[in-house]
There are 2 protein chains.
Amino acid sequence: MISFDSFVMEDGSPIYMQILLYIKRGIVAGKILHDDELPSRRLLSSLLGVNPNTVQKAYKLLEDEGLIRSQTGAASTMCLDENKIEFVRRDLLERDTRNVIRTMRQMGVTQEQAIRLIERFWNEVES
Amino acid sequence: MISFDSFVMEDGSPIYMQILLYIKRGIVAGKILHDDELPSRRLLSSLLGVNPNTVQKAYKLLEDEGLIRSQTGAASTMCLDENKIEFVRRDLLERDTRNVIRTMRQMGVTQEQAIRLIERFWNEVES
DNA sequence: GCAACTGTATCGGTCTTATAATACACTTAA
DNA sequence: TTAAGTGTATTATAAGACCGATACAGTTGC
């Protein structure tokens, strides 16, 4: 059963999107593996204190991407392979990187300054 | 008059927020200076193809932060000093950096890999 | 004074997000 | 078999974000 212990709710983005990204980042980190079982909609909604429909929306989007397999009556499971994992990695990691580079350049930051910023803050940020 | 030539509209975030961030990044980059005149709400809304209220919302938020001075009848002007600029720099640069570090660590990326990502994509991203 | 420009305020419509309350079909385990 | 758990779907409601249209008030320049 995939754990949501380290899930922290933040405001600013929709809850269903936070759930979706939590799972995708777990995939990229190698913490979530093929055939892993997901908590049921009702259980996870209870754990997070949100409406079951909100969890369903996240799961539905993941199923539309082919990352989750669901069949009525049984627990939903992760449906992964090397190609899918690599696709998610690119989608998350490279898009994040490009975005932060774009905004930094708009602020006149050089590559060297950007790297120095990463080095300076890397150990400050709590995981 | 502050130029919006390099402003590119993107979807995904509110227009008023894109306008606000465009100005703040211009401040950090040193392209926007104290006493610089802003285009009027109606002119900028016409340039960007949006409603004057959308521009007004961005300007209003900047005025609430003390970065813009507005008086009815006259053009709004930038209202900056060293402290304000430094505050905006920290607010934008450090928050962006912390955010990208947090998500990268959630994906199991090491500091060395993060720096390598920055180096690899730095010259690819169009400004 | 008047026209044209400034900033400001208000109202309303549309969409997204989140919630709630159901209902139904299927699977599993007691 | 039956009860409890699965996934799925529908409808309604509420709140907020976002944007558009409009009106009003002050300044400037002719």
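Chain letters run A, B, ... following the sequence lines, proteins first, then strands; residues in each count from 1.
Checking the phosphate oxygens (OP1, OP2) of dT19(C), no side-chain nitrogen or oxygen of Asn53(A) falls inside 4.0 Å. The phosphate of dT8(C) has OP1 or OP2 within less than 4.0 Å of a side-chain N or O from Arg41(B).
Sequence neighbours left out, not one pair with a member in residues 68-114 of chain B passes ring-ring contact (aromatic ring centres under 6.0 Å, His included).
Between the CG atom of Asp64(B) and the C1' atom of dT8(C) there is a distance of 13 Å, given to the nearest Å. Between the NZ atom of Lys57(A) and the C1' atom of dT19(C) there is a distance of 12 Å, given to the nearest Å. If you take CD of Gln56(A) and C1' of dT17(C), they are 15 Å apart, rounded to a whole angstrom. dT19(C) atom P lies 13 Å from atom OH of Tyr16(A), rounded to whole Å. The distance from atom CE of Met9(A) to atom C1' of dA18(C) is 11 Å, rounded to the nearest whole Å. To the nearest angstrom, P of dA18(C) lies 14 Å from CG of Leu44(A). Straight-line distance from the CE atom of Met1(B) to the P atom of dC5(C): 13 Å, rounded to whole Å.
Within 4.0 Å (heavy atoms only), Tyr59(A) reaches no atom of the nucleic acid at all. Counting non-hydrogen atoms under 4.0 angstrom, Glu37(B) reaches nothing in the nucleic acid.
Ile27(A) has its side chain out of reach of Met107(B): every pair of non-hydrogen atoms, C-beta onward, lies at least 4.5 Å apart. Looking at heavy atoms from C-beta onward, Leu43(B) lies in side-chain contact with Met1(B) at the 4.5 angstrom threshold.
For the pair Arg42(A) and Gly49(B), both in contact range of DNA chain D, the more 5′-proximal nearest nucleotide belongs to Arg42(A). For the pair Leu43(A) and Ile15(B), both in contact range of DNA chain D, the more 5′-proximal nearest nucleotide belongs to Leu43(A). Taking for each of Ser40(B) and Lys60(B) the nucleotide of DNA chain C with the nearest heavy atom, the 5'-most of the two is the partner of Ser40(B).
Think of the region where chain B sits on DNA chain D: with heavy atoms and a 4.0 Å cut, that region ends 5' and 3' at dC18(D) to dT27(D).
A 6.0 Å sphere centred on NZ of Lys31(A) holds no more than 12 heavy atoms belonging to other residues, nucleotides or ligands.
A side-chain donor-acceptor contact under 3.5 Å links Thr97(A) to the backbone of Leu93(A). Side-chain N or O atoms of Arg69(A) include none that pairs as donor or acceptor with a backbone N or O of Asp35(A) at under 3.5 Å.
Here the rule is side-chain hydrogen bond (donor to acceptor under 3.5 Å, both in side chains) with Ser76(A), and of Glu63(A), Arg41(A), Glu37(A), Gln71(A) only Arg41(A) fits it.
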